[in-house]
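Everything on this sheet refers to the single structure shown next.
Order of the sequence lines sets the chain letters (A, B, ...), proteins ahead of strands, with each chain counted from 1.
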2 protein chains.
Amino acid sequence: MATLKQVAALADVPILTAYQALSGSAAVPQAQRQSVLAAAEQLGYTLHVTIKDVAALAGVSIATVSYALNNSAPVSAATRQRVLEAAAALNYRPNVNGRTLQANKTRLVGYGWHDVKRGSSASFLDRFTYWMAQAVESYGYHVLTFAHSEESPTDAYRELIQTNRVDGFILAHTNRNDVRIRYLMEARVPFAAFGRANDRWDFPYVDVDGRRGVELVTEHLIELGHTRIALIGWPEGSLSGDARVQGYFDALDAAALPVHSAWVRRAENSSAAAAAAAAELMALPSALRPTAIACVSDLMAIGVMNYLNSRGIRVGYDVAVSGFDDEPIAELVHPPLTTLRQPVDDLAAQVVALLMAELERIPAPQRQILVAPQLIVRASTDPKRQLP
Amino acid sequence: MATLKQVAALADVPILTAYQALSGSAAVPQAQRQSVLAAAEQLGYTLHVTIKDVAALAGVSIATVSYALNNSAPVSAATRQRVLEAAAALNYRPNVNGRTLQANKTRLVGYGWHDVKRGSSASFLDRFTYWMAQAVESYGYHVLTFAHSEESPTDAYRELIQTNRVDGFILAHTNRNDVRIRYLMEARVPFAAFGRANDRWDFPYVDVDGRRGVELVTEHLIELGHTRIALIGWPEGSLSGDARVQGYFDALDAAALPVHSAWVRRAENSSAAAAAAAAELMALPSALRPTAIACVSDLMAIGVMNYLNSRGIRVGYDVAVSGFDDEPIAELVHPPLTTLRQPVDDLAAQVVALLMAELERIPAPQRQILVAPQLIVRASTDPKRQLP
DNA sequence: GAACACACGTGAAACGTTTCAGAAGGTGAC
DNA sequence: GTCACCTTCTGAAACGTTTCACGTGTGTTC
């Protein structure tokens with residue numbers, strides 16, 4: 001590809017004029033305009049301002065332009081000025097790909113989706129994605145999102161890193177024996193995760209402090225005077241699930257309240273399963289029947305509410321119900337649901353900070369971070385907030 | 001950076017052996033391994049297989065390797081074989097950045113988010129993103145997602161295209177006078193949109209046929225025997241909103257049913273506004289009071305349901321209610337909501353196809369596409385589906 | 001006035017790929 | 001035996017940037 005300088009020379013006009021004629025950024029006498037266009041046509045030139053053009057206009061070498069623009073080496077004030085002006089006049093923007101190739105750093109962070117099943121509670125993740133992109137950009141990076149199958153997710157990760165598409169990864173939706181984490185650790189690829197795996201693996205992650213969250217909501221229920229408080233958790237075995245259950249015990253212990261084993265039910269993360277668990281709780285003898293039910297997800301809380309409603313039990317008055325996640329739906333159900341909100345912007349910023357530490361090979365002060373969720377009190381636990 | 005060949009020469013071993021020693025992909029005698037590691041250390045070499053290494057191992061030039069691997073020029077069967085074997089043995093993966101620079105094509109598609117307000121109905125968009133990524137990858141592209149402010153979104157788009165970060169864009173969440181569309185059209189940047197703007201602008205888009213959707217649900221209500229059918233739409237002026245309202249009129253006209261002006265209400269897209277509109281409808285004299293209310297979004301339908309519930313009017317029995325979008329919540333509310341599902345995978349695939357046509361400068365057979373949504377019947381309109 | 005240090009710039013190489021233009025060698029026709 | 005023409009391969013340039021190693025010119029010091 002010809003340079004702007006060559007076009008200008010052929011048309012016998014200054015470089016700047018050639019640029020203006022081609023870009024339309026300023027008016028140029030018709031005659032000159034014509035000859036510039038003809039020259040460009042002849043050379044097969046399409047407008048692409050590069051560092052060479054800036055150098056030619058400023059009358060310096062490309063090295064000097066690079067130094068002046070990046071402040072990467074001392075340049076006299078006068079030349080710097082000329083370079084900056086030339087760059088501005090030509091509306092020069094460095095081509096990232098040149099930089100990428102030379103530095104062997106893409107400044108791109110990979111983020112993989114797997115298909116979100118309909119109805120699964122993922123409305124949170126798109127907000128996470130937004131804030132992640134935001135945070136990443138504040139470091140001059142961008143996010144490359146890709147789709148991967150749920151069966152062999154590592155293929156996509158391997159391909160992206162081996163072809164130098166990305167510098168590192170951010171993971172969400174981790175699980176206990178996450179093959180992606182195992183692969184990335186082994187291949188020594190920089191990454192940071194939103195979510196834990198298991199405590200044998202040492203890798204950078206940020207997670208919601210589910211234990212603290214359920215503790216918060218349980219304390220809230222205790223304050224309201226409840227003494228028979230039930231919990232519907234997930235089946236044992238998941239790190240975050242077990243942590244949430246632990247928060248329940250911690251709060252009851254701290255308040256020296258009795259815990260009855262019948263009050264702790266386990267169910268899959270679905271509204272139907274939670275409804276069934278609620279039915280069992282309500283079937284307990286009245287002395288044992290709980291007056292409050294804490295759930296480890298909004299989805300489950302809604303199942304419980306549906307069950308109670310269908311039995312004529314008034315949520316918020318007769319039985320308090322709480323969730324976890326603060327999904328958009330939590331505000332809309334009837335009555336609105338008390339729940340725990342994950343500070344998604346904060347989480348995203350922190351996980352990105354962890355990744356940046358990995359990328360720059362700076363040992364982070366803390367590689368594992370837990371963020372406490374925020375208790376959002378609504379009418380499902382607090383009758384005073386019930387609509388008139 | 002030194003090449004694998006140089007390391008091998010220094011260590012006085014075959015290239016393949018050097019690779020195996022460094023990568024651990026195959027066992028290598030301890031003595032050779034040591035000398036390879038020493039050689040790599042001395043040259044400051046870290047394992048990065050490039051086309052040069054493949055060429056050296058296959059004993060051909062890098063040009064030949066490129067031709068053989070890409071089938072971009074005739075190569076004799078024997079050499080092709082040797083090249084392929086060498087590439088496989090070294091686990092060679094071309095560095096995209098080299099290719100990018102040379103071709104001046106990034107094979108990256110930009111996709112911008114703006115912050116999704118809490119509770120706004122965006123759970124659909126993350127599924128769109130997934131399917132978009134999937135579709136884009138089938139063309140060998142990837143998606144670069146970025147965050148942009150709602151005030152001046154064009155800055156982000158301009159920056160990405162001017163720095164050669166991306167080849168084109170996919171837009172979602174378009175609006176009537178979308179500045180992004182205007183900019184991209186003017187700057188002749190390839191893009192395709194999910195959503196329309198206004199009919200003066202000619203650009204490639206895919207959109208849900210909202211008119212047909214509301215027509216479908218209205219026909220469904222008519223079939224069920226309703227004759228007094230109301231509609232709660234958005235304030236006049238939005239392309240997609242007006243189209244949805246039109247579908248209502250079309251269905252009633254086709255069935256020769258009367259339309260009463262009091263039955264068509266306008267409200268903002270919120271559950272509260274929709275509840276208020278429902279209250280007005282229910283306050284009509286009984287001869288005029290509708291027995292079915294179609295809404296142009298699930299969010300509004302839920303507001304209507306909440307209102308009816310609170311007044312003791314049984315949704316599905318006394319008054320039918322329908323929504324639009326099939327948000328996850330639609331299945332969970334009580335009773336489950338009849339609504340219209342947007343075929344998100346199909347939409348994503350089609351918008352990507354449009355963009356690819358733009359990128360390859362192939363004139364697409366059709367640049368504007370409407371996709372009919374699918375009617376999902378649940379208990380909110382069909383009492384037979386009511387839970388026991 | 002020679003020797004040196006320093007400030008400022010520059011030419012050229014490098015990153016990894018594709019691709020152009022042409023070299024080498026073989027084959028067939030006359 | 002010469003020529004032309006394939007087929008198969010290669011050297012080198014190109015993409016746009018950063019950066020290394022080295023000029024050049026000026027001023028300072030003795």
Side-chain angles (χ1 to χ4, degrees), chain A residues 1-6 43-56 58-83 87 90 92-107 140 162-165 167, chain B residues 1-6 43-56 58-83 87 90 92-107 140 162-165 167:
Chain A
M1 175 80 72
T3 70
L4 198 52
K5 187 176 181 180
Q6 293 167 342
L43 294 173
Y45 178 80
T46 53
L47 191 56
H48 263 315
V49 177
T50 75
I51 198 171
K52 287 185 195 170
D53 300 321
V54 178
V60 296
S61 73
I62 61 167
T64 304
V65 174
S66 176
Y67 290 139
L69 258 30
N70 299 324
N71 271 321
S72 46
V75 170
S76 75
T79 27
R80 153 162 297 121
Q81 179 69 10
R82 261 188 306 141
V83 169
L90 298 180
Y92 168 69
R93 321 257 62 209
N95 180 332
V96 236
N97 303 310
R99 191 174 285 176
T100 290
L101 183 57
Q102 132 77 29
N104 201 25
K105 294 196 53 176
T106 60
R107 298 186 85 81
Q162 285 189 343
T163 58
N164 288 277
R165 253 298 185 211
D167 293 341
Chain B
M1 174 80 74
T3 69
L4 199 53
K5 187 177 182 178
Q6 293 166 344
L43 294 173
Y45 178 80
T46 53
L47 191 57
H48 262 316
V49 177
T50 75
I51 197 170
K52 287 185 196 169
D53 300 320
V54 178
V60 296
S61 73
I62 61 166
T64 303
V65 174
S66 176
Y67 290 139
L69 258 31
N70 300 323
N71 269 322
S72 45
V75 170
S76 74
T79 24
R80 152 161 301 121
Q81 179 67 11
R82 260 189 305 142
V83 169
L90 298 180
Y92 168 69
R93 318 258 63 207
N95 179 333
V96 236
N97 303 308
R99 190 175 285 178
T100 290
L101 182 57
Q102 132 79 27
N104 200 27
K105 295 196 56 179
T106 60
R107 298 187 86 80
Q162 285 188 344
T163 58
N164 288 279
R165 254 296 186 210
D167 293 341

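- In this structure, A:Asn104 and B:His48 approach most closely via the heavy-atom pair ND2-NE2, 3.8 Å.
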- Could you walk me through whether A:Asn95 and A:Thr50 pass side chain to side chain contact (heavy atoms under 4.5 Å, CB included), step by step? CA-CA 8 Å; A:Asn95 180 332; A:Thr50 75; over 6 Å; no
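- Contact annotation for A:Val75: backbone-only contact, meaning every heavy-atom pair under 4.0 Å involves sugar-phosphate atoms and none involves a base.
- Phosphate contact (OP1/OP2 of D:dT18, side-chain N/O of A:Asn70, threshold under 4.0 Å): present.
- Nucleic acid contact for A:Ser76: sugar-phosphate only, since backbone atoms but no base atoms lie under 4.0 Å from a heavy atom of the residue.
- Contact annotation for B:Asn95: backbone-only contact, meaning every heavy-atom pair under 4.0 Å involves sugar-phosphate atoms and none involves a base.
- Of the candidate nucleotides D:dG16, C:dA12, C:dT18, C:dA12 has the atom nearest to the side chain of A:Ala63.
- Between the CG atom of A:Asn104 and the P atom of C:dG16 there is a distance of 6 Å, given to the nearest Å.
- Nearest to the side-chain atoms of B:Val60 among the listed nucleotides C:dG16, D:dT10, C:dC15 stands D:dT10.
- Heavy atoms of A:Thr50 sit under 4.0 angstrom from primed sugar atoms or phosphate atoms, though from no base atom.
- At a threshold of 4.0 angstrom between heavy atoms, the contacts of B:Thr100 with the nucleic acid are absent.
- Under 4.0 angstrom from either OP1 or OP2 of D:dT10 there lies at least one side-chain N or O belonging to B:Thr64.
- When each of C:dG16, D:dG11, D:dT17 is scored by its nearest atom to the side-chain atoms of B:Ser61, the top-ranked nucleotide is D:dG11.
- Note that CG of B:Leu69 and CZ of B:Arg80 are 9.0 Å apart. Values are rounded to the nearest 0.5 Å.
- In this structure, of C:dG16, C:dA21, C:dT10, it is C:dA21 that holds the atom nearest to the side chain of B:Tyr67.
- Considering every non-hydrogen atom in both A:Asn70 and A:Arg99, the closest pair reads OD1-NH2, 4.0 Å.
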